[in-house]
K.L.:
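Okay, here's the structure, questions in a sec.
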Amino acid sequence: MAATRVEVNIPEEAPYDVRIGEGVLDGIGEWCQRTPAVAASPQVLVISDANVEPLYLARTKASLERAGFKAPDIVVPAGESSKSTAVAAELWEAMAALGLTRDCAVLALGGGVVGDLAGFVASTFMRGITVVQAPTTLLAMVDSSVGGKTGINLAAGKNLVGTFCQPAYVCASTDCLTTLPEREWRCGCAEVAKSAVVDSDEFFFWLLENAAAMAARDASVAAQAIARCVVFKADVVAQDKTESRGVRECLNYGHTLAHAIEKLSGYGTFSHGAAVAEGMRFAAAMAHELVGASLDFVDAQADLLDALGLPRLPWTADPEAVLDAMKHDKKARGGQVRFVLLRDVGAWEVCDVDDATILAQLAAWNATAPKEA
Ligand code: NAD
Ligand code: GLY
């Protein structure tokens with residue numbers, strides 16, 4: 001399968017390539033050489049996590065070294081807890097100890113955790129050095145490695161500290177997905193579904209047709225889905241790089257309820273993707289009531305999520321507690337909860353929804369929840 005190249009063109013930013021395909025990781029050094037912001041780097045520091053290290057670090061370093069780069073590495077513990085001020089501080093100190101200078105680069109090898117963390121430390125070290133993203137999860141390939149959001153968590157909430165820093169190059173080596181645990185695969189599938197529903201009929205019906213193959217991890221279908229998601233996200237970010245023009249918010253479809261589910265059920269109980277899928281279903285039910293979405297749309301989206309292995313969650317919570325969690329989410333504005341609602345595939349709007357309506361919708365949602373197995 002030949003690699004696919006998507007060029008990301010964001011106003012006032014250097015354009016960058018996303019290369020998607022089997023084995024592209026083995027050419028990452030060569031592509032870094034072809035990337036002006038990286039080519040002259042005396043060192044390319046690879047940051048990875050403890051799960052990814054034994055699988056893909058040696059290959060990555062070998063490719064960088066073949067291309068003439070000095071390639072030290074730092075491995076952080078796997079998991080969300082590494083997106084912390086403590087780990088970021090350790091990385092800054094280690095970068096200084098390695099003698100990294102302003103002309104060096106950081107290469108993030110891992111999922112969204114490593115991508116967000118490495119992007120954050122790179123964008124702040126010496127006021128910002130170049131970052132290359134080598135995503136190894138489906139979620140990171142379809143979403144987090146493109147678009148430039150970086151971040152770490154505080155005790156007060158997720159991603160509360162971060163930067164916008166576009167990568168110089170993104171290397172999505174689809175062969176890395178073969179080792180991804182099933183739960184992480186489905187998590188990525190939810191973000192693929194989100195992109196398809198928000199994007200267009202063309203993407204949505206393509207994915208619906210290929211959902212069984214996607215769920216079965218068909219390599220060709222997955223590579224096409226990743227490329228479609230990257231094209232979609234690049235277009236959104238090109239219109240609204242810093243989420244200040246009311247366009248990038250569409251990427252939060254399903255996330256208003258998802259963040260509340262993750263917080264109230266305890267992070268890690270459900271995967272982020274499983275919570276996003278639930279949030280998409282809830283948003284569609286709400287859109288039927290509030291903005292005239294048809295039941296055909298609600299059902300078609302449900303069929304897609306079912307086919308991707310993302311069933312309704314056996315989860316309920318006190319509507320008041322859910323509303324409170326939604327109000328404390330960083331996407332809320334002045335205590336007003338906002339939902340991305342779709343009238344139909346591709347036809348989205350951001351709606352401020354009043355508390356009484358949200359509480360009534362949540363109560364109705366609870367009433368239809370599947371019982372725990
Ligand atoms: P993750 O990075 O924690 O990866 C999930 C798990 O899979 C980890 O245990 C990891 O070690 C392991 N793993 C990674 N690649 C593997 C591989 N190829 N084979 C086997 N195991 C592998 O989680 P994620 O879902 O990739 O990312 C979630 C993070 O992304 C969250 O912190 C979220 O806030 C962030 N995010 C950021 C953006 C953005 O735009 N910056 C968008 C969405 C999500
Ligand atoms: N994943 C949401 C964004 O990049 O804006």
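Worth saying up front: this structure is predicted, and the values here are computed from it rather than measured. Throughout, residue positions are numbered sequentially from 1 according to the sequence presented. Read the numbers this way: they start at 1 and go in the same order the structure lists the ligands and their atoms.
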K.L.:
Compute the shortest N/O to N/O distance between Pro181 and ligand 1 and return yes if it is under 3.5 Å, no if not.
P.N.:
no

K.L.:
Any carboxylate oxygen within less than 4.0 angstrom of a Lys/Arg side-chain nitrogen, looking at Asp355 and Lys327?
P.N.:
yes

K.L.:
Test of understanding: given a 4.0 Å heavy-atom threshold, classify the contact between Glu184 and ligand 1 as side chain, backbone, both, or neither.
P.N.:
side chain

K.L.:
Mind jotting down which protein residues get a heavy-atom contact under 4.0 Å with ligand 2? Chain and number order, please.
P.N.:
Asp143, Lys149, Lys233, Glu243, Arg248, Leu251

K.L.:
Only heavy atoms count here, so choose which of Thr178, Leu139, Val146 is nearest to atom 25 (O) of ligand 1.
P.N.:
Leu139

K.L.:
Considering the heavy atoms of Thr179, write down every atom of ligand 1 situated less than 4.0 Å from one of them.
P.N.:
17 (C), 18 (N), 19 (N), 20 (C)

K.L.:
Closest non-hydrogen protein atom to atom 13 (N) of ligand 1, residue and atom name please, with distance?
P.N.:
Val52 CG2, 3.9 Å

K.L.:
Should the proximity of Lys233 to ligand 1, defined as any heavy atom under 4.0 Å, be assigned to the side chain, the backbone, both, or neither?
P.N.:
side chain

K.L.:
Under 4.0 Å from a heavy atom of Lys158: which atoms of ligand 1 are those, numbered in the order shown and with their elements?
P.N.:
31 (C), 33 (C), 34 (O)

K.L.:
Has ligand 1 got any nitrogen or oxygen that is less than 3.5 angstrom from a nitrogen or oxygen of Asp49?
P.N.:
yes

K.L.:
Could you list the atoms of ligand 1 found under 4.0 angstrom from a heavy atom of Tyr56?
P.N.:
18 (N)

K.L.:
Counting each atom of ligand 1 from 1 as listed, which ones have a heavy atom of Leu55 under 4.0 Å away?
P.N.:
19 (N), 20 (C)

K.L.:
Report the nearest protein non-hydrogen atom to atom 3 (O) of ligand 1: residue, atom name, distance rounded to 0.1 Å.
P.N.:
Val113 CG2, 3.3 Å

K.L.:
Does Asp306 come within less than 4.0 Å of Arg281, counting only side-chain N to carboxylate O?
P.N.:
yes

K.L.:
Just to confirm my output: which protein heavy-atom neighbour is closest to atom 8 (C) of ligand 1, and how far is it?
P.N.:
Asn51 ND2, 4.0 Å

K.L.:
Can you confirm, on distance only, whether ligand 1 has an N/O atom lying under 3.5 Å from any N/O atom belonging to Thr150?
P.N.:
no

K.L.:
Between CG of Asp26 and OH of Tyr56, what distance do you get to the nearest 0.5 Å?
P.N.:
11.0 Å

K.L.:
Quick one: do Trp31 and Ser63 satisfy side-chain hydrogen bond (donor to acceptor under 3.5 Å, both in side chains)? Show the steps, please.
P.N.:
CA-CA 10 Å; Trp31 281 82; Ser63 176; over 6 Å; no

K.L.:
For ligand 1, which atoms, with element, lie under 4.0 Å from some heavy atom of Thr136?
P.N.:
14 (C), 15 (N), 16 (C), 17 (C), 18 (N)

K.L.:
Can you tell me which residue pairs pass the salt bridge (charged side-chain N to carboxylate O under 4.0 Å, His left out) test with a partner in residues 152-175, sequence neighbours excluded?
P.N.:
Arg59-Asp175, Glu80-Lys158

K.L.:
If you count every heavy atom of other residues, nucleotides or ligands that lies below 6.0 Å from Arg333 atom CZ, does the total exceed 12?
P.N.:
yes

K.L.:
Should the pair Phe282 and Trp365 be assigned to parallel (<30°), tilted (30 to 60°) or perpendicular (>60°) ring geometry?
P.N.:
perpendicular

K.L.:
Check for me whether the distance between the ring centres of His328 and His259 falls short of 6.0 Å.
P.N.:
no

K.L.:
Suppose I only count heavy atoms of Ala78 and a 4.0 Å limit; which atoms of ligand 1 are within that range?
P.N.:
11 (O)

K.L.:
Within the supplied structure, the quantity of interest is the number of heavy atoms (other residues, nucleotides, ligands) at a distance under 6.0 Å from Gln336 CD; does it exceed 12?
P.N.:
yes

K.L.:
Minimum distance, heavy atoms only, to atom 32 (O) of ligand 1: which one of Glu80, Arg248, Glu191 is it?
P.N.:
Glu80

K.L.:
Show your reasoning for whether side-chain hydrogen bond (donor to acceptor under 3.5 Å, both in side chains) applies to Gln224 and Ser220.
P.N.:
CA-CA 6 Å; Gln224 291 175 67; Ser220 162; 3.2 Å; yes

K.L.:
Would you mind checking if Asp143 and Lys194 are paired as a salt bridge, meaning a charged N to carboxylate O distance below 4.0 Å?
P.N.:
yes

